[in-house]
Amino acid sequence: MKILIVGAGIAGLATARALELKGFEVDIVERRSISPTTGQGIFLLGNASRALAMLGVLGDVFDVAFPIDAQRILTSRGVVINDVATQTVWGDCGPCLALPRHKLIDALQASMTTTKVSYGISVTAVRLRDGIREVHFSDGSVDEYDLVIGADGIRSAVREFGFGGRTPRALNMSCWRLVVENHNQVDAWTAMLGKGHTLLAIPLSRSELYVYADCPVAQFGDGSIGVLQARFADFGDPLGPIIAALDDKVIAHTARLEEIPAGRFIDHGLVLVGDAAHACSPSMAQGAAMALEDAIVLAACLAQNGQIEQALEEFYKRRKGRVEWVQQQCHARDKLRGAADIVRNLVLRNFGDALYARSYRRLAQSL
Ligand SMILES: Cc1cc2nc3c(=O)[nH]c(=O)nc-3n(C[C@H](O)[C@H](O)[C@H](O)COP(=O)(O)OP(=O)(O)OC[C@H]3O[C@@H](n4cnc5c(N)ncnc54)[C@H](O)[C@@H]3O)c2cc1C
């Protein structure tokens, strides 16, 4: 079976690794000229760790990650309204970890034994010709594949060619992401909620802190550090002072949040994985976990079924419900975050643990 993976992000690399473990050979192309060596943090819940263990890379990731034992939600003044011990839900599944995003990519890449990523090459067209996928590349070459796996992110070209019309939907939130020194010794996932604004910090190590902040698009202005400081000027300890102290030359990554509306992600000789199939708001921190799980389930379906189309149907059947659940839960969380402070704080204070368990327990169970 001749297989092409498009994109060497978390989904593409994990899929290559999972297929290698099942004895498949794959080609993998990546538009960027090199793998990223810097960047933002990423938070992995227990189902992501379980998937990493199944891919044989959890040890390497664990060595460069910070364990997250608690997820704490505070008001903008710093009053704790919910504090969950992550192991109450994820204990039997896997550890919750935070690490620099590029180190996760490095670990996945280092795990591959035979597959080599072709960097600096993008896919420019995918066509169905006599039951085979004909793929056009940016270097002018054309090749044929039995299966094309689109792991090319939220703006997927593969999705565009195979599933035209499924375009990203804007979520009316914009965000800043940056890594700063962990002066205040923040030791847990810590979110502070204001009126339509969220400020989140996750330790990547004893000395480094990954900060995420968001607000409605209309209040994002030019996305400068000055705007970030103005939006969170009334936030108290422990995170408010970190934002207030930022040098305006600090580089923050900014983005407008988007999602890919639920829909079919398989077609003849074509399948989407990761964000290309089901990007959603980051409020469940499930992007990496879903990409890693896609990889494992797709490889298992292909190994079990001789027929590609049967394998893809099986993959879709196994993943659809989980994808829909994560998207629904993201919407519910985003709605609650946007509710009036008094209602939101009351709900989180009284039902925060139960809501956490309800949204994640299903994902902690088997794949
Ligand atoms: C603000 C924010 C915070 C987040 N925080 C978290 C978090 O804490 N935890 C978590 O689990 N998830 C988080 N996520 C989600 C997570 O980042 C994504 O789900 C995950 O990175 C998806 O990986 P991917 O491989 O599917 O896509 P991508 O990372 O987008 O990778 C796609 C790759 O395909 C390449 N490519 C694109 N087009 C082509 C082409 N035509 N030809 C060849 N190559 C191509 C790209 O260069 C890229 O390398 C967050 C998302 C956002 C927006």
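Residues: numbered from 1 along the sequence shown. Each ligand, and each atom within it, is numbered from 1 in the order the structure gives.
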- Query: Do the ring planes of Phe137 and Tyr145 sit parallel (below 30°), tilted (30 to 60°) or perpendicular (above 60°)?
  - Reply: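 Rings of Phe137 and Tyr145: perpendicular, as their planes differ by over 60°.
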- Message: Under the side-chain hydrogen bond (donor to acceptor under 3.5 Å, both in side chains) definition, can you give me all pairs with a residue in residues 76-101, not counting sequence neighbours?
- Response: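 For residues 76-101, and leaving out neighbouring residues, the side-chain hydrogen bond (donor to acceptor under 3.5 Å, both in side chains) pairs sorted by first residue read Arg72-Asp83, Asn82-Asp353, Trp90-Tyr356.
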- Task: Answer yes if the side chains of Glu20 and Thr114 hold a donor-acceptor pair under 3.5 Å, and no otherwise.
- Result: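 Yes, because at least one side-chain N or O of Glu20 sits under 3.5 Å from a partner of the opposite role on Thr114.
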- Message: Testing Arg264, Lys320, Arg319 one by one against Glu313 for a salt bridge (charged side-chain N to carboxylate O under 4.0 Å, His left out), which residue passes?
- Response: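 So the option named by the test is Arg264.
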Just list the N/O pairs, ligand 1 to protein, that are under 3.5 Å apart, with the distance for each.
residue	atom	partner	partner atom	Å
ligand 1	8 (O)	Phe43	N	3.0
ligand 1	9 (N)	Phe43	O	2.8
ligand 1	11 (O)	Gly287	N	3.4
ligand 1	11 (O)	Ala288	N	2.8
ligand 1	17 (O)	Arg101	NH1	2.7
ligand 1	17 (O)	Arg101	NH2	3.0
ligand 1	19 (O)	Asp275	OD1	2.7
ligand 1	19 (O)	Asp275	OD2	3.4
ligand 1	21 (O)	Arg101	NH1	3.3
ligand 1	25 (O)	Ile10	N	3.1
ligand 1	25 (O)	Ala11	N	2.9
ligand 1	26 (O)	Asp275	N	2.9
ligand 1	41 (N)	Val123	O	3.3
ligand 1	42 (N)	Val123	N	3.1
ligand 1	44 (N)	Arg31	N	3.1
ligand 1	47 (O)	Glu30	OE2	2.6
ligand 1	49 (O)	Glu30	OE1	2.7
ligand 1	49 (O)	Glu30	OE2	3.2
ligand 1	49 (O)	Arg32	NH2	3.2

- Write down the atom of Ala51, the atom of Glu293, and the distance for their closest heavy-atom approach.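 Shortest heavy-atom separation between Ala51 and Glu293 comes out as CB-N, 4.4 Å.
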- For the student: nearest non-hydrogen atoms of Gly41 and Val179, plus distance: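 Residues Gly41 and Val179, closest heavy atoms: N-CG2, 4.4 Å.
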